[in-house]
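A short write-up of the structure that comes next.
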Amino acid sequence: MRTRLTLSVMALAMAASPALAQPAADITAKLTIFQPVNQQMIDSTDKAIARFKLKYPNVTIEPQFVPQPSWGEYNTSFINQVATGAAPDIMFSAIEGFAETANRGLLRDLGPLIDADPTAKAVLDELDPNLLDGMRTRSTGQLNFFPTEWNNIVVYYNKDMFDKAGVAYPADDWTWADFRETAKQLTIADANGNVTQYGYFVPGFNFGLTPWFLTNEASVLDADWKQSAVATDNFRETLQFLHDLINVDKSAPAFESGVGDSKFVAGQVAMFSAGHWPIPEIRASGLTNVGVQIMPVNKVKTTVFGIGGLAVTSASQNPELAWEFVKEMTGKEFQTELADSERSIPSWRSLATTDKYLSFPDNAAIFYGSAATAKPVASPPNFAQVEEMTMRYVGAYLNGNEDLDTTISGLDSELSRAMKRAYN
């Protein structure tokens, strides 16, 4: 079934490759759009539909909001729906799902459409070239998704806690050694030795852990996302560093799944790592004296980024209309709503660098400021499998349930087998 499906949709994609004509304003049609379910997405989609209806009054847009417990499960839902013959016209995904869907030939190459569309070119002019390069499907070089928003990872810190401890705020040239000492100084224990405030929360999710490897010139996979890269000194050093924060310095709580933002707003940790998405909850908590800083450096100054986008499926019977709606969902009105929600970084630089957007937290300019040097999160076609393996082995080691040699050899072995299957 998978082979027949892939060949058939690839044939459709090849047949549909020329640039599309502008649809007539009085066209009658229906479009379906496949998206993850969240309130911000629902609200913004409803508004985009209303705007689109003014241009194409006889076109019906049918959103399909799908649970997204993980990007792997979300992508599987999309692929299964296509296999039943009920392919949507438009699909939203994050970079973690780009390769899995595009490599199956399920999506249109947007390059010819963009080249013939000044409006689309103007949108891409707002996006940092490094982010755009990260969006391209590595096996083909095609641009199968048109950008909506993105996120990176920075360090959040409670300035009141720093002030109380007499610790200087982190500088943009801080090192791993600086970070480790800072985390120690911000860790507080009671008379019985029980920690009441930790310096840092080690991120319990793949995206959050990734910049610790990147700043040490390490990664789970090689640069092509095809082979295991964990059997290196730099990868080992990174795991040891995170392990020691928890188990030697006692400046971080036991490793657990999660971001750490809830412990941050509860006053249990002084620092945590995340993207832009925790800001609404931090605001709602009443915390106001909060700053952000780039990830500390061991060998290179960088961080990770993930980016989202919309694709036109190869099976769409109305690709010209689908493309017009993709532009509606990535245009200035939609981007402004993204900026106002504060859940992510708009792909439009001009909307991610306004005084309003940069008003909180302190030093918020570093969010878009990292765009030129951040690296895309490794997102091979078997992303969900790679993520599960990585978190399972890393979690066991960081919590002291496995030694470092066994962790690295086991993860390397499983990853190597998985990557061979993914590309053969």
Side-chain angles (χ1 to χ4, degrees), residues 30-53 59-82 86-98 100-101 106-107 110 123 126-127 131 135 144-152 205 207 259 261 274-281 283-284 305-313 316 321-348 351-352 357 367 377 379 383-384:
K30 184 178 83 168
L31 296 175
T32 54
I33 176 169
F34 191 96
Q35 301 166 279
V37 58
N38 65 67
Q39 194 57 52
Q40 186 274 323
M41 183 75 77
I42 292 171
D43 293 343
S44 292
T45 300
D46 287 345
K47 293 175 183 176
I49 291 173
R51 293 192 300 268
F52 197 72
K53 199 75 172 175
V59 175
T60 300
I61 307 289
E62 182 182 286
Q64 299 174 350
F65 293 108
V66 181
Q68 185 251 314
S70 72
W71 285 114
E73 292 170 276
Y74 175 82
N75 295 334
T76 299
S77 296
F78 169 73
I79 292 166
N80 289 342
Q81 181 167 321
V82 173
D89 297 278
I90 301 166
M91 178 212 185
F92 174 89
S93 185
I95 191 173
E96 289 90 340
F98 286 4
E100 183 171 12
T101 51
L106 304 180
L107 309 175
L110 299 181
V123 171
E126 286 273 0
L127 184 70
L131 302 180
M135 292 190 73
N144 297 109
F145 288 85
F146 203 61
T148 52
E149 75 266 39
W150 64 287
N151 257 304
N152 58 7
F205 62 114
F207 191 61
V259 178
D261 51 332
H276 208 275
W277 66 86
I279 289 178
E281 279 69 38
R283 283 188 183 274
F305 79 83
I307 191 163
L310 290 162
V312 177
T313 66
S316 174
L321 270 176
W323 172 238
E324 291 300 313
F325 191 66
V326 165
K327 289 192 294 179
E328 188 65 59
M329 289 281 286
T330 54
K332 188 170 185 178
E333 293 89 345
F334 184 86
Q335 290 286 314
T336 300
E337 292 160 11
L338 279 175
D340 290 343
S341 78
E342 298 187 312
R343 293 290 180 187
S344 55
I345 309 170
S347 62
W348 284 42
L351 294 174
Y357 194 77
F367 284 105
V377 60
S379 302
F383 169 81

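For clarity, every value in this text was computed on a predicted model and none was experimentally measured. Quick note: numbers below take in every heavy atom, side chains included, and nothing from hydrogens, waters or symmetry partners.
Contact of the Arg51 side chain with the Lys47 side chain is registered, since non-hydrogen atoms from C-beta on lie closer than 4.5 Å. Glu149 is not listed as a side-chain neighbour of His276, based on a closest heavy-atom distance of 4.5 Å or more. At a threshold of 4.5 Å between non-hydrogen side-chain atoms, the residues Glu337 and Asp43 do not count as touching. A heavy-atom distance below 4.5 Å is not found between the side chains of Val66 and Gln81. Side-chain contact check for Lys327 versus Val123: every heavy-atom pair is 4.5 Å or farther apart. For the pair Leu106 and Phe78, the minimum side-chain heavy-atom distance is below 4.5 Å. Residues Phe92 and Met41 form a side-chain contact, since some pair of their non-hydrogen atoms from C-beta on lies under 4.5 Å apart. For the pair Ile49 and Pro63, the minimum side-chain heavy-atom distance is below 4.5 Å.
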From CA spacing to verdict: salt bridge (charged side-chain N to carboxylate O under 4.0 Å, His left out), Arg343, Glu281
CA-CA 10 Å; Arg343 293 290 180 187; Glu281 279 69 38; 2.7 Å; yes
For Ser347 and Gln335: C-alpha separation, side-chain torsions, deciding distance, then whether side chain to side chain donor-acceptor pair (under 3.5 Å) applies.
CA-CA 7 Å; Ser347 62; Gln335 290 286 314; 3.3 Å; yes
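For the pair Val259 and Ala274, the tightest heavy-atom approach, listed with the atom from each and the gap, is CG1-CB, 3.7 Å. Annotation for Lys332 and Leu351: closest pair O-CD1, 4.0 Å, computed over non-hydrogen atoms. Residues Ala352 and Ile345 approach most closely at CB-CG2, 3.8 Å, considering heavy atoms.
A search for side-chain hydrogen bond (donor to acceptor under 3.5 Å, both in side chains) contacts involving Asn38 returns nothing, not counting sequence neighbours. Remark: Ser93 engages no residue in a side-chain hydrogen bond (donor to acceptor under 3.5 Å, both in side chains) (not counting sequence neighbours). Listed by chain and residue number, nothing satisfies the side-chain hydrogen bond (donor to acceptor under 3.5 Å, both in side chains) test with Glu333 (two or more places apart in sequence, or in another chain). With sequence neighbours excluded, the residues that form a ring pair (Phe, Tyr, Trp, His ring centres under 6.0 Å) with Phe145 are Phe98. Looking at residues two or more places apart in sequence or on another chain, you find no ring pair (Phe, Tyr, Trp, His ring centres under 6.0 Å) involving Phe383. With sequence neighbours left out, the side-chain hydrogen bond (donor to acceptor under 3.5 Å, both in side chains) criterion links Ser70 to Glu73.
Summarising the geometry, atom OG1 belonging to Thr101 is positioned 7.0 Å from atom CD1 belonging to Ile79; distances are rounded to the nearest 0.5 Å. Once rounded to the nearest 0.5 Å, the distance linking OG1 of Thr32 with CZ of Phe325 reads 11.0 Å.
Between the side chain of Thr313 and the backbone N or O of Pro88 there is at least one donor-acceptor pair closer than 3.5 Å. In this structure, the side chain of Asn151 does not engage the main chain of Gly306 through any donor-acceptor pair within 3.5 Å. Using a distance-only test at 3.5 Å, with no hydrogens or angles considered, a donor-acceptor pair links the side chain of Trp348 to the main chain of Thr330. The backbone N or O of Phe367 sits less than 3.5 Å from a side-chain atom of Asn152, completing a donor-acceptor pair.
Under the 30°/60° scheme for interplanar angles, the aromatic rings of Tyr74 and Trp71 are found to stand perpendicular. In this structure, Phe146 and Trp323 have perpendicular ring planes: the angle between them is above 60°, well past the 30° mark.
The number of heavy-atom neighbours closer than 6.0 Å to NZ of Lys53, taken from other residues, nucleotides and ligands shown, is above 12.
Checked options Val312, Leu310, Leu110, Leu107; the residue passing with Asn144 is Leu107 (criterion: side-chain contact (heavy atoms from CB on, under 4.5 Å)).
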